[in-house]
Amino acid sequence: MNIPDLENEQLEFWRRSHVFERTMSEREDRPRFVFYEGPPTANGKPGTHHVIARAFKDLFPRFKTMRGYYVLRKGGWDTHGLPVEIEVEKELGLKDKKEIEAYGIAPFNEKCRQSVFRYINEWEKFSERMAYWVSLDDAYVTFTNEYIESVWWLLRQLWDKKLLYKGKRVVPYCARCGTPLSSHEVAQGYKDVKDPSVFVRFPLRDEPGTYFLVWTTTPWTLPGNVALAVGRDVDYVLIEGPTEDGGVERLILAEALLSYALKNRDAYRVLDRFKGSTLTGKHYSPLFTFLPVEQDYAYVVEGDFVSTEEGSGIVHIAPAFGQDDMQVGKKYGLPVLETVLPNGAFIDAVRPWRGMWVKDADAEIIKDLQGRGLMYRVTLYEHSYPFCWRCNSPLLYYARDTWFVATTEYRDRLIALNQTINWVPSHIRDGRFGNWLEDLKDWALGRERYWGTPLPIWRCDNPECGHMLCVSSVDELSRLSGFDQSNLDLHRPYVDEVHWACRECNGHGTMYRVPELIDVWFDSGSMPAAQWGYPHRNQEMFKEQYPADYICEAVDQTRGWFYSLHAISGLVFDSVAYKNVISLGHILDENGLKMSKSRPETFVEPWQVFNKYGGDAFRWYMYTSGPPGEPRRFSLDLVGEVVTKFWLTLWNTYSFFVTYANLEGWSPEQPAPPVAARDPLDRWVLSELHGLVREVTAALEAYDAPGAARPIQSFVDQLSNWYVRLSRRRFWKSEDSGSAYATLYEVLTTLAHLLAPMMPFMAEMLYRNLVAGVKPGAPDSVHLAAWPEVNEGLIDRELMDGMALAQRLVSLGRAARESVNLRVRQPLLEAAFALRSASERESIGRLSDLIADELNVRKVTILDGAGDVVAYALNPLPAKLGRKFGKDFPRVQKALREGAPEDVARWARTLLAGQSVTVTLDGQDYEALPEEVEVQQRAAEGYALAEDAGYLAALNITLSEDLVLEGLAREVVRRIQTMRRDADFEISDRIVVTYQGSKRVVKAIKAHMDYVSGETLADALLSSEPGQDAFSQSFTIDEEDVVLSVRRVVP
RNA sequence: GGGAUCGUAGCUCAGUUGGUUAGAGCACUCGCCUGAUAAGCGAGAGGUCACAAGUUCGAGUCUUGUCGGUCCCA
């Protein structure tokens, strides 16, 4: 069985017959189901973490197509942004922005443009191989003018709503990349690192020898210090203790942090205690005075962010380097000391460390303060700190002029819209995503980079004027500039060259574009409109394909694409962008670490899996291996397990069906017997099948992939290991074979449909071999076929329960055989079972033949409390009686369980007779109904027993000569069958068998002549020496010797 | 520090509104069965359901806290 070959055949068929295209072209008049492709970047190879995303993306569009919807599957590529630039920088050996500009923006961007499709072929092959159906031919590409123009239009809508603004904000800033990062970029780069943790003495200006004890983990921000913040209601203390050089000093800090902050708590004594509010306004002597300051500063202010969890309860304030700091600084009118250059080096005015990378300066600053006796204590501190998600440099919090989208103005609306979205898993809605919206910050939009969508804002360079406008289309740009710009590349540097005389100040100034690009997440979040070039083009398509019914990406997109789609959609269209969304957990490698292209050593090559186990098994693993939102570990072996436990099981069932249907000449055109007239096993499997259709349909409608896939898996297990195994002989030697074939045919073809969205290859193979070209009018591909309908009339709950019980009893019977070492081939006289209720007795009655067959016993009986039964036990059911008796339950339970044997026996008989019993405890009567108490029975001696949860199997193990002979005959049959196989006979070959052996064996064969020859397709059973050309073997069965031979009969 | 989520057998996972003795599969051992099967069946072994307290007649399940993993925020 070569799985990849089989799958490649289907791929070939899909290509040849344009099946994917036809899922759309044949359904143009059908209702729309809208799917959005979250655009990947094609500048890296696809990996296993893309398999999970694409497996889930593919599932629901296939399902909805079969449900009769038209599902357009437009692909997309994300092509802009820092990741692309960084790749190109590496390639060209450029180290920073200066070098890029020296190289030239035009050639640099050209390189970027070329690099983004570097691996596009790999992506195409990969997508096809895993059967991810998406139109890559007309995929949207974010760098095209059409796309950018749409993004411009969206920005203009924000501009008109006055939602775009420029402001000085402390932003997470990457000095290496020279750009601020949006909060959702920052979110991707937190790492645990060790930073210096320093406690610094800030001398009080008016009280020599007294210091504020101040804590910080960023010493490099100290030259920017302009104030100290305390909590108004926090308790502070003035303490006195020794200095290093034997003197005495006084320190002020929060009382709650005495132990945390002090080197030796016991060496200090508390002089005074007061609230933070009494400290405000007190001045201290600044540690550094590199920059001139005109206004009053270096005093204590109040800050509501001051915590007493760690540090000293006194926070150093540097407005240029902290968001809280900036806010407080504005409130008090404090100066902003910008001591650091945009490249992360100190300015010249910071003389001792000028030009030094600030993080490197930490140690120098510490040394300087130590030298001046101002450093109280230095340790290391492990905390989580943000790093640039691409270049891995530590981010600085840094005051920048930058552009923002005022998303906070629409916060409530975005929250309300989110409530209407169906999130899978559901907790994301009010958890991770909901919290994000609650804490919404304005979207830092500007990027001071090169390869991306230019911010379409032009500004007059006349400082007196400063007029600004936002351009929404190329046409508009042509009108404004007075030149036809329709051939303009909208990227830098070309777009920067478009300028015109300002009309607001009568041409005193010139309108130039602002230098910024926009956040690349705005690109991808614009795709509902921009993939169509809306509104400049395709207005109808946009309306038809908005919003999406379904999107799916990994959980890291919560603050990425999920958010950018939601925000843009909410702000511009006042609508959700998607109605249903699956947020997938990450694929972890075998060590439990996230697989990602930034860590090549963890990257698992998907082709390994495709080539060994195939796309179906790969996909199936993703659907069944756990809740989609949870992280999951991945290994090749886990996919291998799918193959042996599911794929091959199904394949073998199919192969069994085809083998014998061909052999017996059965075809689907033959009229099928009415279901009601079929064997109970047929009715059972059809009942299970339609229950399965119902369950799978409901699960997929609810976007629950494991809820759909897992039941299919257990069904196939039952189909193969119960239905087929027990029905086997009906397929080749019974007048009932028509029922069996019709039943298995319906099961397999229905399964093909149910599997199609998840295992598209196997489903197609089954369908093409069993349905297409066989059933008149059937589509040629399962992926063009209609989803199965449930036939509720075939679902028989009682039969299913009965069968489940029968399986349980068979298990128990086998356990009983095991206990006395009696192999199943040895027939026994009787199996007796004790059940838990009267209704079970009824439902099992009709299946007793089947149980007898499986256990190889001549008779199945149900123990009814009389005769063989020697002991009883009662088990009051907590689920029922607990509720009924409440806190009295344990006493009643005890009474029933541990009563005197004769009482228990009386009660048991009463209950088995269907009547209730009453126990009296402390003068109170407690009545228990038969269904509230389980009666357990133990069987008599002479039986082999097995018991489980109230069920009991008792096998009569007395062996008569008759039974022994029958057992021997079965042993002989089994040996002959094995010999047939070893001799490489076809399963339909007729044979001649010879035998010679002990008297008993000969007697057994003679007594069961018809049985032996029937089972082994023997035309003759001869008591003679093996013929010359016969395949012969000798055996010892239970101390009886026999020589057997088989010879093929040539017809 | 805060939030979300998870923690059940060596591994991967189920476990319904709280209710009998917590279940599968993989892997291991022994045995059985086999006229489709890379299979199947039975038995053995493997669990303080992360830990603690609480609510309750009863907690894997609910509450609170602690610890650990993952992700996110600061």
Side-chain angles (χ1 to χ4, degrees), chain A residues 1 183-184 186-188 190 305 307 309-310 323-324 383-386 425 427-428 430-436 438-439 555-556 558-559 585-586 588 592-594 621 624-627 629-633 635 637-638 640-641 643-645 647-660 706 710 713-714 717 720-722 724-725 728-729 731-733 810-819 821-825 836 854 856 875-883 885-893 934 946 948-950 973-974 976-978 980-981 985 987-988 1015-1017:
Chain A
M1 185 62 250
S183 40
H184 29 293
V186 177
Q188 302 186 32
Y190 276 87
F305 47 85
S307 100
E309 297 290 335
E310 56 188 2
Q323 291 170 339
D324 289 332
H383 64 152
S384 166
Y385 192 84
H427 59 74
I428 304 269
D430 295 322
R432 184 170 294 198
F433 197 67
N435 291 345
W436 169 256
E438 294 287 340
D439 291 342
V555 63
D556 54 297
T558 309
R559 269 86 171 170
H586 289 132
L588 308 176
L593 292 168
K594 177 180 158 184
Y621 169 76
T624 51
S625 67
E630 293 298 315
R632 66 192 83 192
R633 293 189 185 197
S635 77
D637 292 344
L638 292 167
E641 197 178 313
V643 171
T644 56
K645 301 308 293 178
W647 201 100
L648 280 170
T649 308
L650 180 56
W651 167 264
N652 289 321
T653 305
Y654 159 78
S655 139
F656 169 86
F657 172 81
V658 170
T659 307
Y660 290 103
R710 284 173 168 176
Q713 192 157 292
S714 12
D717 182 66
S720 171
N721 295 317
W722 189 253
V724 171
R725 194 163 58 79
R728 230 172 347 204
R729 52 189 59 230
F731 283 90
W732 61 76
K733 53 172 78 157
V810 167
S811 268
L812 213 51
R814 292 210 179 104
R817 270 183 178 276
E818 174 78 14
S819 70
N821 260 321
L822 269 175
R823 57 175 173 263
V824 178
R825 272 193 303 269
R836 298 203 300 206
E854 274 296 285
N856 195 18
N875 181 21
L877 298 171
K880 291 176 174 153
L881 284 175
R883 196 164 296 149
F885 297 139
K887 62 179 164 23
D888 291 338
F889 171 65
R891 290 199 302 151
V892 179
Q893 186 180 39
E934 176 187 297
D948 179 50
V973 166
R974 190 210 148 195
I976 296 173
Q977 304 292 26
T978 309
R980 285 183 62 113
R981 195 187 294 184
F985 294 171
I987 50 180
S988 56
E1015 287 295 307
T1016 58
L1017 301 187

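Here is the naming used below: chain letters follow the sequence lines, and residue numbers restart at 1 for every chain.
Here the P atom of nucleotide C72(B) and the NE2 atom of His427(A) are 14 Å apart, to the nearest Å. Remark: C1' of A24(B) and CZ of Arg710(A) are 10 Å apart, rounded to the nearest angstrom. Atom CG of Asn435(A) is separated from atom P of U5(B) by 9 Å (rounded to the nearest Å). Regarding Asn721(A), its CG atom lies at a distance of 15 Å from the P atom of U34(B), rounded to whole Å. In this structure, the CZ atom of Phe656(A) is 9 Å from the C1' atom of G35(B), given to the nearest Å. The distance from atom CG of Asp717(A) to atom P of C13(B) is 20 Å, rounded to the nearest whole Å. Regarding Arg559(A), its CZ atom lies at a distance of 9 Å from the C1' atom of A4(B), rounded to whole Å. One atom, CD of Glu630(A), and another, P of U8(B), lie 12 Å apart when rounded to the nearest Å.
For Pro627(A), counting side-chain heavy atoms from C-beta on, the closest listed nucleotide (A14(B), C71(B), U12(B)) is A14(B).
U55(B) and U63(B) have their P atoms separated by 15 Å, given to the nearest Å. G46(B) sits 14 Å from A9(B) when the P atoms are compared, rounded to a whole Å. The C1' atoms of A45(B) and C6(B) are separated by 29 Å, rounded to the nearest whole Å. Annotation: G68(B) and C26(B) have their C1' atoms spaced 25 Å apart (nearest Å). Comparing the C1' positions of C13(B) and A52(B) gives an interatomic distance of 27 Å, to the nearest angstrom. For the P atom pair drawn from C33(B) and U16(B), the interatomic distance equals 39 Å after rounding to whole Å. With both ends at atom C1', the span from A53(B) to C72(B) equals 30 Å, rounded to whole Å. As rounded to the nearest Å, G54(B) and G47(B) have P atoms that lie 27 Å from one another.
Under the 4.5 Å side-chain criterion, counting only non-hydrogen atoms from C-beta, Arg559(A) is in contact with Arg432(A).
One finds a side-chain N or O of Arg728(A) lying less than 4.0 angstrom from the OP1 or OP2 phosphate oxygen of A36(B). For A39(B), neither phosphate oxygen OP1 nor OP2 lies less than 4.0 angstrom from any side-chain nitrogen or oxygen of Lys645(A).
Toward the 5' end of RNA chain B, the nearer of the two residues Pro876(A) and Asp430(A), judged by each one's closest nucleotide, is Asp430(A). Annotation: of the two residues near RNA chain B, Val810(A) and Arg432(A), the 5′-most nearest-nucleotide partner is Val810(A).
In this structure, Thr649(A) reaches neither bases nor backbone, as no heavy-atom distance under 4.0 Å exists between it and the strands shown. Across all strands shown, Val658(A) has no heavy atoms under 4.0 Å from either base or sugar-phosphate atoms.
Using bins of under 30°, 30° to 60° and over 60° for the plane-to-plane angle, the ring pair Trp651(A)/Trp647(A) lands in the parallel bin.
With values rounded to the nearest 0.5 angstrom, Leu648(A) atom CG is found 6.0 Å from Asn652(A) atom CG. Rounded to the nearest 0.5 Å, atoms CD (Glu641(A)) and OG1 (Thr624(A)) are 9.5 Å apart. Between the OG1 atom in Thr558(A) and the CZ atom in Phe433(A) there is a gap of 7.5 Å [rounded to 0.5 Å]. Separation of atoms CD (Gln713(A)) and CG (Leu650(A)) is listed at 10.5 Å; rounding is to 0.5 Å.
For Ser720(A) against A36(B), a side-chain N or O and a base N or O form a donor-acceptor pair under 3.5 Å.
Judged by distance alone, the side chain of Arg728(A) and the main-chain N or O of Val724(A) form no donor-acceptor pair under 3.5 Å.
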N/O-N/O pairs, protein side and nucleotides 57-62 of chain B side, under 3.5 Å:
residue: C57(B); atom: N1; partner: Gly886(A); partner atom: O; Å: 3.4

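In terms of heavy atoms, Pro706(A) sits closest to Gly626(A) at CG-O, 3.7 Å. Scanning both residues, Val555(A) and Ile428(A), for their nearest heavy atoms gives CG2-CD1, 4.5 Å.
For Asn856(A), the side chain to side chain contact (heavy atoms under 4.5 Å, CB included) partners at least two apart in sequence or on another chain are Arg817(A), Val824(A), Pro827(A), Arg970(A).
Centroid-to-centroid, the aromatic rings of Phe656(A) and Phe731(A) come within less than 6.0 Å.
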Taking only Watson-Crick and G-U wobble pairs with both distances under 3.5 Å, what dot-bracket line describes RNA chain B, where [ ] shows pairs that cross earlier ones and | shows pairs with another strand?
(((((((..((((.....[...)))).(((((.......))))).....(((((..]....)))))))))))).
